[in-house]
Asker: 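Let me give you the structure first, and then I'll get to my questions.
Note on naming: letters A, B, ... go to the chains in the order of the sequence lines (proteins, then strands), and numbering restarts at 1 for each one. Computed from heavy atoms alone, side chains included, the values below leave out hydrogens, waters and symmetry copies.
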Amino acid sequence: MPELPEVECIRRELSRSLCGATLRLLWLRRRDIVVGAATPRALLSNSRVHQINRHGKQLAVISDSGAVLVVRLGMTGQMLLLRAGEKPPEHSHAAWSVSYARRRDVLVFRDPRRFGRLETYASADAQNEAWNTLGPDALTISAALLAEALASRRVPIKSALLDQHLIAGVGNIYADEALFRARVHPCAPTNTLSKAMFARLARAIRTVLKESIACGGSTLRDYRTPSNERGQFVEHHRVYGRSGLLCLKCGTPIAALKVSGRTTCYCPSCQTREPTAPKRGGDARS
DNA sequence: CGACTCTCCTGCTGGC
DNA sequence: TGCCAGCAGGAGAGTC
């Protein structure tokens, strides 16, 4: 499922392919995936792509006309670039022709499970207003910002990390991976985390997201880049999807439980529920 | 407001 | 071999 690293990989590839090109809406097979006006104009038909931005897991395609199309991929959403004439795969809901200087391609929004959405905005201001309800972007989150966003919550830290209004971009995979790297138990109440724990967690979130981007993201099953490539970061997962296997650090079997209804994998030995007791001579180094 | 639970969706998996 | 329940999960809506 696309989380921040996957969406960032998609953004980079789409930026290379679409910026400066003109889109034309070819078809919209399902009106119900569109939030807002679903007119060709709102869907950027006959608009030139100026820029593609990302915040958290969302993409914003900014057009020269001022209209903005926000793409939310949900669990199984894909933005695919097909050659003209290539048959769009099943569950493709919208398609645009992409005019370049010399060739044409087809951009397709595909989403089998249909948790994804296309949101249309008449202006960048309207779109910014929507993004302002999201928390700070996880890729550059600082310890201070993370603590500020979360510290007053009493829910398990894992639940807080999944709430896009608190911090944007972390989903189930990277929440588990970051908590493991920060040695924080997923059920630890957020308001009991020490300053040192928030510092480790912020660093772990940035690191794991950057490493995943460098690997092209994590493909469990559905995720593909616009040119249909799989991401390779699954091979670097330390806890997610490793329930019952041994912790790579200490050899304890990785455990699984449910937090906020989400499968959560963690190492019962490496990840502590309580702040580390300060050692003689000061708090543990991060 | 915060914290839960429910709901939307399809495709894969495991049990019988 | 075939059927079906169960599960996966992002995020908004609804409830308390």
Asker: Considering every strand and a 4.0 Å limit on heavy-atom distances, what is the contact class for A/Ser159: base, sugar-phosphate, or nothing?
Answerer: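 It contacts nothing in the nucleic acid.
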Asker: Would you say the side chains of A/Arg110 and A/Gln78 form a donor-acceptor pair under 3.5 Å?
Answerer: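 Yes - a donor-acceptor pair under 3.5 Å links their side chains.
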Asker: Just do the side chain to side chain donor-acceptor pair (under 3.5 Å) check on A/Ser260 and A/Ser159 with the steps written out, would you?
Answerer: CA-CA 6 Å; A/Ser260 303; A/Ser159 305; 2.4 Å; yes
Asker: Is a donor on one side and an acceptor on the other found under 3.5 Å between the side chain of A/Asp137 and the backbone of A/His55?
Answerer: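 Here the side-chain-to-backbone pair does not exist.
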Asker: How close or far is atom P of B/dC4 from atom NZ of A/Lys258, stated in whole angstroms?
Answerer: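 For the pair A/Lys258 NZ and B/dC4 P, the rounded distance is 17 Å.
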Asker: One thing to verify: whether A/Asp176 and A/Lys158 come together as a salt bridge, which I'm taking to mean a side-chain N less than 4.0 angstrom from a carboxylate O.
Answerer: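 So A/Lys158 pairs with A/Asp176 through a salt bridge.
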Asker: Would you list the protein and nucleotides 9-13 of chain B atom pairs, both N or O, that sit under 3.5 Å from each other?
Answerer:
residue, atom, partner, partner atom, Å
B/dC9, O3', A/Arg114, NH2, 3.1
B/dT10, OP1, A/Arg114, NH2, 2.3
B/dT10, O2, A/Arg113, NE, 3.2
B/dG11, OP1, A/His91, NE2, 2.4

Asker: More 5' along DNA chain B: A/Arg153 or A/Arg262, using each one's nearest nucleotide?
Answerer: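 Residue closer to the 5' terminus by nearest nucleotide: A/Arg153.
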Asker: Go through the steps to decide whether A/Arg72 and A/Glu119 satisfy the test salt bridge (Lys or Arg N to Asp or Glu O under 4.0 Å), and finish with yes or no.
Answerer: CA-CA 8 Å; A/Arg72 306 173 63 155; A/Glu119 295 179 354; 2.7 Å; yes
Asker: Just checking, any donor-acceptor pair under 3.5 angstrom between side chains of A/Gln51 and A/Asn53?
Answerer: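 On atom types as modelled, these side chains qualify, holding a pair under 3.5 Å.
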Asker: Hey, which sits more toward the 5' end of DNA chain C by its nearest nucleotide, A/His165 or A/Met75?
Answerer: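 By nearest-heavy-atom nucleotide position, the 5'-most residue is A/Met75.
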Asker: Less than 3.5 Å apart, any donor N or O on the side chain of A/Tyr174 or A/Glu6 sitting next to an acceptor on the other?
Answerer: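 Side chains of A/Tyr174 and A/Glu6: pair found under 3.5 Å.
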Asker: Scan A/Tyr174 against the nucleic acid and name what it touches under 4.0 Å (heavy atoms): base, sugar-phosphate only, or nothing.
Answerer: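 Contact class for A/Tyr174: none.
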Asker: Reading DNA chain C in the 5' to 3' direction, which nucleotide is the first one with an atom under 4.0 Å from a heavy atom of chain A, and which is the last?
Answerer: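 Here the contact window of chain A covers C/dA8 to C/dG12.
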Asker: Ring of A/Phe180, cation from A/Lys249 - is the NZ or CZ under 6.0 Å from the centre and inside 45° of the axis?
Answerer: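 Yes - A/Lys249 lies over the ring of A/Phe180, closer than 6.0 Å to its centre and within 45° of its axis.
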